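This structure is a prediction, so every number in the text was calculated from the model and none was measured. Note: hydrogens, waters and symmetry copies are ignored here, and every other heavy atom, side chains too, is used. Along the sequence shown, residues carry numbers from 1. Counting starts at 1 for both ligands and their atoms, in listed order.
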Amino acid sequence: MGLNALLQNSFRCIYNHSIIVFIINRYKSLLSFNQIPERETLFFWNCLISQHARHGQNLEALNYFYRLVTETHLRPDAFTFPAALKSCKLPTHVRKIHNWVLKLGYLSNFHVSTSLLHAYFKLGSMGDACKVFDGMPVRDLASWNAMVAGFAQNSCASEALSVFEEMQRRGVVADAVTVTSLLPVCAPLGIFSLVLALHAAVIKYGFDGDLLTSNSLIDAYAKAGFVSDAREMFDRMPERDLVSWNCLLSGYEQSGYPLIAFELFFQMKGSGVQPDGITLVSMASAASQIGKARIGRLVHGFSLRRGLDSDRIFVGNAVIYMYAKLNDMVNARSVFEQMPRRDLISWNTLIAGYAQNGSAGWAISAFQELQEHEEMMVMGQGTIVAVLPAYAQVGSLRQGRRIHGLTVRSGLQSDIFVSTCLVDLYAKCGRLKEAQLLFWEEPRMSVIPWNSILAGYGIHGQGAKAIGLFERMEELGVEPDKVTFVSLLSACSHAGLVEEGQRLFQFMETKYGIVPTVKHYACLVDLLGRAGNLDAAHACIQGMPVKPDASVWGALLGGCRIHGDVNLGERVFKILSQIEPENIGYYVLLSNMYAKVGNWRGVDEIRSLVKSRGLKKTPGWASMELGSEVHIFFTGSFSHPLSIEIYEELNSLHGKMKALGYVPDFGFVLQDVEEDEKEHILFSHSERLAIAFGLINLPPGTSVSVFKNLRVCGDCHTVTRFISLITRREIIVRDAVRFHRFKDGVCSCGDYW
Ligand code: ZN
Ligand code: ZN
């Protein structure tokens, strides 16, 4: 058969589009396009346009459409328009075709008008779509569905709902497509009754056996927080697919039932359905909620076995996030390293993970790595929000300011999360004034920045100012939340404002209906305990409607230590060593108390208990920023290049302090060592190394700022008071809880920390 005959034959066979295009392409090399005899038929043009559209050759498809209307006497028909509309990537393209539709009177053709609606919605031109819809002389169910789905897909939930209501008013009976389009908007609109109404419609019209509809219903019930209804739906389904399982799994996980999600996961595997990336993301989130390392590794194993790390970055990102939440940054890093491809979210998750786990140094070096190796990735809000807390932790004001500059240049400063992190940074770097200025510059209608500045006042011991600001916040009509009261109560606690704190605690529930959580109780116990009302603090714990956790008892133990109540301290310690036997902090506190009253037998007992339980102290470190560098010092370490000078400086200060009456307080040393050795251990506490480094390197008369990862120990506190007296310098130490500003031998905390 000759080429010409073959072509003619194919034209007659409507299904042979691809053969036609193949032949046309061959033909083109033999003849010029204009010589093809069949170009005089509309069918030929329709084939050309739809074939190019189907293969994603959008510009070619549109080009043929324009040639058809301008170069030939032919006119497009109901097949031409939908094919051409599929290729439109800009609203202006759609509008041009729209004009032809109007000109040729095709708006009354359902196929054409619905294609127009889809094309406009796909490009987000809701106004144009409405014009088409309003201009339609008649509408069928498909056009109504196109409107509902179009609005729903563009996140215009209430518009989608009003189209549906209009449909009902006009007596148009919905079908499965209407319902599945509408269900995803129920959760964002918070209309649970709509889910029920749609479910009723599904049953009434008899498409409850439809898999897609059932899955949409499960998803809608789960997202609205009604997991048991989702479960009921799921259990009644005659057949289920991966989507059904995924909807239910994520429903349980999102509603705070991670264990049930796991149970379901194993049932799913048992029934032969294999998990996909979406399943694994839900399971990673469930594992981080359960908080067990073993379960985390299980999820990691599944994701490796399914080989999903390689092609789906989002699964790898979820596993990194999971490990970060499980405080396992070693595994988080190894997943990160194993990922064949990473995106900015992978980096942000890693950086934020380090910062949240107190490994600020690692967070900063990961951030530097990102800047060095991935120039192509544009840092956005996510990266800045991830790294700023790390700079705040080590007190790196200079680097923090650099990031601040970046945010101003990129216009991110007005982002509420970025500006809140900046307020936090300045407050934690000891620049409360700057934090305040920044706070008043930025939008403040949300509670988040208020919480941050209130916490800032707290760590600076300015409780009264925090209360004043809270009153301002109320005047401005900003609704406080749980976190606001945690910040306020701890601010009262640091400043010894007992009555105000108690009043706020009452007020929180009576005025704002916020039921106190364990965190609020811990703050209240801390407040009472610090102020010496140990009985009231104890009574408060006993009257708690929720079970007190280690933080609450720990706060009471802290109070006992400050006020030397060994009896109560011993009782509280017993409880704590059952709740958190591995937390060495409590052993140290009790040992300090014994040492203070000269009960050396008690000190020995605690020491052997620590030994027998194999407990290790959290390594203490302190940091100091000098020039553009942050120097980090570890307790007892000689690793710093200036170590010899630092120890010499400390030695000379030590001699002067002893002359002034300083006696080392060995109650703060837990190791079973000789007196000399104890003195050396105290002597090399990280904050002292950092202070000495500052004294050597900073010009006389300037203040020295040091940041410590743990609480300052009592002996270091005494020593720093002496140093500030001897050197006539202001020394600022920010520990894990608050700022201490030492001057002329006195600390701003009033030895009350
Ligand atoms: Zn110390
Ligand atoms: Zn202090």
Side-chain angles (χ1 to χ4, degrees), residues 395 428 430 432 457-463 490-491 493-496 526 530-531 558-559 561-563 584-585 587-589 591-593 595-596 603 616-624 632-637 646-647 649-651 653-654 657-658 662-671 673 675 677-695 703-725 727 729-753:
K428 285 197 176 142
L432 195 55
Y457 280 120
I459 56 173
H460 285 273
Q462 301 194 1
S490 69
S493 182
H494 287 308
D526 189 67
R530 264 172 211 279
R561 206 253 324 148
I562 297 172
H563 299 284
I584 191 159
Y587 299 79
V588 179
L589 276 179
S591 165
N592 294 164
M593 289 163 72
K596 205 156 200 171
V603 173
K616 294 246 156 33
K617 275 189 93 161
T618 315
W621 56 259
S623 63
M624 209 195 97
I632 296 184
F633 302 87
F634 289 90
T635 292
S637 157
I646 290 171
Y647 281 97
E649 175 75 17
L650 281 175
N651 224 349
L653 285 168
H654 216 220
M657 276 163 19
K658 282 199 165 160
Y662 160 70
V663 184
D665 186 348
F666 297 136
F668 293 96
V669 181
L670 259 186
Q671 276 99 332
V673 286
E675 292 288 290
E677 183 62 10
K678 277 183 192 162
E679 199 164 335
H680 173 71
I681 291 169
L682 278 179
F683 190 80
S684 64
H685 273 183
S686 62
E687 59 268 56
R688 295 191 205 186
L689 303 181
I691 291 170
F693 175 77
L695 292 174
S703 64
V704 177
S705 290
V706 166
F707 299 82
K708 161 100 182 163
N709 70 327
L710 308 171
R711 270 191 191 208
V712 149
C713 85
D715 193 58
C716 286
H717 199 267
T718 313
V719 164
T720 314
R721 280 205 280 118
F722 276 108
I723 295 178
S724 73
L725 186 67
T727 62
R729 293 240 210 183
E730 185 185 40
I731 300 172
I732 299 154
V733 179
R734 192 197 77 201
D735 70 3
V737 184
R738 62 166 294 151
F739 271 94
H740 300 266
R741 202 175 283 268
F742 298 90
K743 211 171 177 208
D744 303 324
V746 182
C747 180
S748 62
C749 75
D751 292 349
Y752 183 80
W753 80 99

Q: Provide the closest heavy-atom pair for Asp715 versus Asp665 in the form atom of the first, atom of the second, distance.
A: OD1-N, 3.0 Å

Q: If the plane angle is over 60° it's perpendicular, under 30° parallel, otherwise tilted; pick one for Phe739 and His460.
A: parallel

Q) Of the non-hydrogen atoms in Ile459 and Val737, which two are nearest, and what is the gap between them? A) CG2-O, 3.2 Å

**Q.** Metal-centred angle, the Zn ion (ligand 2) as apex - ND1 of His740, SG of Cys747, 10° resolution
**A.** 120°

Q: State the OG-CD1 distance between Ser637 and Ile632, to the nearest 0.5 angstrom.
A: 11.5 Å

Q: Say whether, by atom type as modelled, one donor and one acceptor occur between the side chain of Ser748 and the main chain of His740 under 3.5 angstrom.
A: no

(Q) Restricting to non-hydrogen atoms, name the atom on Lys708 and the atom on Gly620 that form the minimum distance, rounded to 0.1 Å. (A) NZ-CA, 4.3 Å

Q | Within less than 2.8 Å of the Zn ion (ligand 1): protein N, O or S atom count | A | 3

